[in-house]
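Here's the structure we're looking at; comments come further down.
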Amino acid sequence: MKNFIINGIQKNSILDEMEVAAGDRLLSINGMPVADVMDYRYLTADETLVVEIEKPDGEVWELDIEKDYEEDLGIEFPEQMLETKTCKNNCIFCFIDQLPKGMRESLYVKDDDERLSFLTGNYITMTNLTEEELNRIIRYRIMPMNLSIHTTNPELRCRMLNNRFAGDVISYLKKFRDHHIQMNGQIVLVPDYNDGDELRKTLADLKAFYPVLQSVSVVPVGLSRHRQGLAEIRAFNQTEALKTLAIINTVHQEMTEKYGDGFVYPSDEFFLLADVPIPDVSYYNGFPQIENGVGMMADFKASLETASENYKNHNDHDHAVSDNHRIGLITGRAAHAFMTSLMDDLKKVMPDLDVIIYPIKNDYFGEKITVSGLITGRDIIEQVKPVLQENPRDLLLIPENALRQDTELLLDDWTLELLSEHLSVKIVGVPVDGTSLIETIRT
C-alpha cells in the first residue's frame with residue numbers, strides 16, 4: 001500500500017489546523033510513502049516535515065510543517081494499518097494455546113509483529129520477518145528489538161516452534177549486530193528441551209553478540225491445566241531450577257567481571273522455584289527486562305525499603321495508619337513468603353498496620369500457575385470471600401500487573417468495581433512499587 005485514505009484527524013491537531021480532513025489521501029512524508037504505523041511514527045519524528053496530501057478532487061497539497069520533536073500530526077489510522085501480524089509458529093510452550101474457552105477474543109490473538117516489538121515491547125520470533133521489513137528496521141534504526149530466541153540450535157528451534165523455517169536465528173542476530181540495532185533476547189526454558197547443556201550452548205553463542213544484544217532473560221515455561229491435545233511438557237522442579245540458576249549465574253558472573261554487566265538474567269520465578277533469596281538490585285544492572293518479570297521483586301523490595309525509611313523519618317501522626325484501617329493484599333502463591341516477610345518488616349515502622357496476605361491458588365488456569373499476573377476475579381471471589389467473613393478488611397489491594405494495561409479489568413473480565421460489589425469491600429489496583437503501596441495504605 002503506497003498511500004492511504006485518512007480515516008480521521010484529531011481535533012486541534014497540527015493537520016486539523018491545516019484543514020486536512022478524513023477522506024484525504026496521505027501521499028508521502030519527506031518524500032517517503034507511508035505503509036503503516038511504524039513508517040508514520042518514524043517519518044513524523046523530525047521537527048521539519050514536508051507532507052503531501054491529495055484532496056478528494058485530485059488537488060495535491062504540499063504542507064511545510066515545523067513542530068516539536070516527535071509531536072504527532074493528528075492522523076487517525078484506518079483499520080487495515082493497525083492489523084496485527086499473527087504468528088506462523090505452533091510453539092510447544094505457547095500460553096495462548098493453553099487458555100480456556102470463553103475469554104475475550106483479543107486474548108487469543110497470537111501476535112508476532114516487529115512493529116509491536118518497538119511500539120509495545122512485545123517479543124518476536126523473526127519467523128515471519130520479510131527482507132523488506134528487516135531492511136526497514138535497519139533503515140529507520142528501530143530499536144531495541146525484543147527477540148524470542150529460545151535456543152540457537154537450529155534443529156531444536158524448528159522443533160520447539162514447530163516451524164521448519166525457524167532454525168536460522170543466528171543470521172538475524174548477525175544482521176542486527178552488524179548494523180548496530182540494539183536487541184533484547186528472551187529464552188522460554190522447557191525441561192528436557194532447551195535446558196541444561198542446550199542452555200549452556202545458547203548462552204555461549206549469545207555472548208558473542210554483546211553489547212548490541214543488551215540483555216537476555218530466561219523464563220520458565222508456564223503450564224495451565226488446559227493443555228488437552230498439546231505437546232507433553234512438564235514444569236521445572238526445585239533441583240532443576242537450582243541447576244538452571246547455576247548455569248545462568250556462571251555466565252552472569254563472567255560477563256559482570258568482564259564488562260560490568262550481567263547480560264543474562266533469570267526471571268523471578270526461577271528464584272522462587274529454587275527457594276533461594278531474590279538478589280538485590282545491583283544484580284540487575286538497571287533492570288533491562290523488568291517488564292518481562294525479571295527483577296520485579298528485587299525492585300519492589302528496594303522501593304519499599306526506601307519508602308519505609310522515608311515514612312519513618314517523616315512520620316506525620318495525623319496521617320499514620322489508623323487502628324481500624326485493615327488491609328488485605330492479593331498476590332500469587334509464588335510470592336506469598338516474600339510478601340509476608342516484607343509486610344513483617346513494614347509493620348516495624350507502621351505498628352498500627354493490620355494486613356492480611358491472600359495468596360490466590362489459580363484454579364482458573366491450574367495450580368501450576370502461581371504468578372500474580374494471571375490471577376482471575378473468579379478465584380479471588382471464591383477464595384477471599386470466606387476469609388473476609390471471618391476477618392473483615394477495609395481495603396483490598398491487587399497488583400496492577402494482574403490488570404489489563406490502563407484498565408481495571410482482570411483476565412476473566414471481572415472488574416475491580418464488580419469485585420468490590422461481590423466482596424463488599426473497596427478494591428484498588430496498586431503499582432508494584434513501595435511508595436505507591438505506602439501511599440495507598442495511608443489514604
### Derivation of the ring-ring contact (aromatic ring centres under 6.0 Å, His included) call for Phe95 and Phe365
CA-CA 10 Å; Phe95 197 77; Phe365 289 110; 5.7 Å; yes
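- Remark: Asp197 pairs with Arg200 by the side chain to side chain donor-acceptor pair (under 3.5 Å) rule, at least two apart or across chains.
- Side chains of Asp280 and Ser282: a donor on one and an acceptor on the other come within 3.5 Å.
- Qualifying side chain to side chain donor-acceptor pair (under 3.5 Å) partners for Asp68, counting only residues two or more places apart in sequence or in other chains: none.
- Pairs of residues two or more places apart, or lying in two chains, that qualify as salt bridge (charged side-chain N to carboxylate O under 4.0 Å, His left out) and include a residue from residues 401-428 are Arg104-Asp413.
- Under the side-chain contact (heavy atoms from CB on, under 4.5 Å) criterion, Glu47 pairs with Tyr69, sequence neighbours left out.
- Pairs engaging residues 232-244 under the salt bridge (charged side-chain N to carboxylate O under 4.0 Å, His left out) rule: Asp192-Arg234, Arg234-Glu240 [sequence neighbours left out].
- The pair Glu198-Lys201 does not count as a salt bridge, with every side-chain nitrogen at least 4.0 angstrom from each carboxylate oxygen.
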### Task
Would you sort out whether Phe300 and Leu437 count as a side-chain contact (heavy atoms from CB on, under 4.5 Å), showing the intermediate values?
CA-CA 10 Å; Phe300 176 67; Leu437 177 63; 3.8 Å; yes
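- Atom OG in Ser215 sits 13.0 Å away from atom CZ in Phe287 (nearest 0.5 Å).
- Under the salt bridge (charged side-chain N to carboxylate O under 4.0 Å, His left out) criterion, Arg177 pairs with no residue at all, not counting sequence neighbours.
- Residues passing the side chain to side chain donor-acceptor pair (under 3.5 Å) test with Asp178, sequence neighbours excluded: none.
- Proximity of a side-chain donor or acceptor of Lys67 to a complementary backbone N or O of Asp46 within less than 3.5 Å is detected.
- Residues passing the side chain to side chain donor-acceptor pair (under 3.5 Å) test with Asp299, sequence neighbours excluded: none.
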Anything under 3.5 Å between a donor and an acceptor, one on a side chain of residues 335-350, the other on a protein residue two or more places apart or in another chain? List them.
unit_1: Thr340; atom_1: OG1; unit_2: His336; atom_2: O; d: 2.8

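- For residues 250-267, the side-chain hydrogen bond (donor to acceptor under 3.5 Å, both in side chains) pairs, not counting sequence neighbours, are Lys207-Glu254, Tyr210-Asp261, Gln253-Glu257, Asp261-Tyr265, Asp261-Asn285.
- In this structure Asp72 satisfies the salt bridge (charged side-chain N to carboxylate O under 4.0 Å, His left out) test with no other residue, sequence neighbours excluded.
- Among residue pairs with one or both ends in residues 360-372, those qualifying as side-chain hydrogen bond (donor to acceptor under 3.5 Å, both in side chains) are Ser372-Asn401; sequence neighbours excluded.
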